[in-house]
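To start, the structure under review is shown below, and the notes come after it.
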Amino acid sequence: MIKLVYCISRRADVSPAEFHRYWLEEHGPKVKAVAEAIGACRYVQSHTTLPEANAALKASRGLADGYDGITEVWFDSEAAFERAMSTPEGQAAGALLVADEATFIDFARSSVFLTREHEIF
């Protein structure tokens, strides 16, 4: 399997509460609706929590600002991902998701990449 990891920062004009609500209640169902078209077999949202603890972790390491959350999307294989993204349905679904993301995600402060897991324990 491969996994798309999307580290997300909210747009400045969207409050944290509205960001998390929209992402979970509005965007999540849209992803679920197009899961087959994009070839996804699992989708998880991890919403940032405990802001004081996150600030302490950041300060203790001299890190950059954190993200508002992480999305993980699993695909059965690289070939399955590439196959789905090359179909008209997959491309249309991807475009729909990007257009929706633009309403609540700050793309310039976010990051997305594909990974392969190596389970340690």
Any side-chain heavy-atom pair of Met85 and Ile38 under 4.5 Å = yes
N/O donor-acceptor pair under 3.5 Å between Ser110 side chain and Ser9 backbone = yes
Residues Val34 and Ala93: closest non-hydrogen pair is CB-CB, 3.6 Å
With the 4.5 Å side-chain cut-off for hydrophobic clustering, are Ile2 and Val44 part of the same group? no
- prompt: Do Phe107 and Val73 belong together in a cluster built from hydrophobic side chains that touch within less than 4.5 Å?
  reply: yes
Quick note, side chain to side chain donor-acceptor pair (under 3.5 Å) partners involving residues 78-94, not counting sequence neighbours, are Glu78-Arg116
Tightest non-hydrogen contact, residues Leu24 and Pro29, listed as O-CD, 3.5 Å
- Shared ILVMFWY cluster between Met1 and Val5, side chains joined below 4.5 angstrom? no
Compile the donor-acceptor pairs under 3.5 Å between side chains in residues 61-71 and protein atoms, sequence neighbours left out, one pair per line.
| from | atom 1 | to | atom 2 | distance (Å) |
| --- | --- | --- | --- | --- |
| Asp65 | OD1 | Lys58 | NZ | 2.4 |
| Asp68 | OD2 | Arg10 | N | 2.7 |
| Thr71 | OG1 | Trp23 | NE1 | 3.4 |

*Any idea how Phe75 and Phe81 line up, ring-wise: parallel (<30°), tilted (30 to 60°), or perpendicular (>60°)?*
perpendicular
Interatomic distance, OG1@Thr103 vs CD@Glu26, rounded to 0.5 Å, equals 9.0 Å
| request: Determine whether Leu96 and Val98 fall in the same hydrophobic cluster, where Ile, Leu, Val, Met, Phe, Trp and Tyr are linked whenever their side-chain heavy atoms lie under 4.5 Å apart. | output: yes
Trp74 and Lys3, any side-chain heavy atoms less than 4.5 Å apart:
yes
Flag, side chain of Ser111 to backbone of Cys7, donor-acceptor distance under 3.5 Å: no
Nearest heavy-atom approach of Cys41 to Asp76 is SG-OD1, 3.6 Å
Between the CD atom in Glu25 and the CD atom in Glu18, the distance rounded to the nearest 0.5 Å is 8.5 Å
Output for pair (Phe104 CZ, Asp13 CG), nearest 0.5 Å, gives 12.5 Å
Quick note, salt bridge (charged side-chain N to carboxylate O under 4.0 Å, His left out) partners involving residues 28-57, not counting sequence neighbours, are Lys30-Asp100
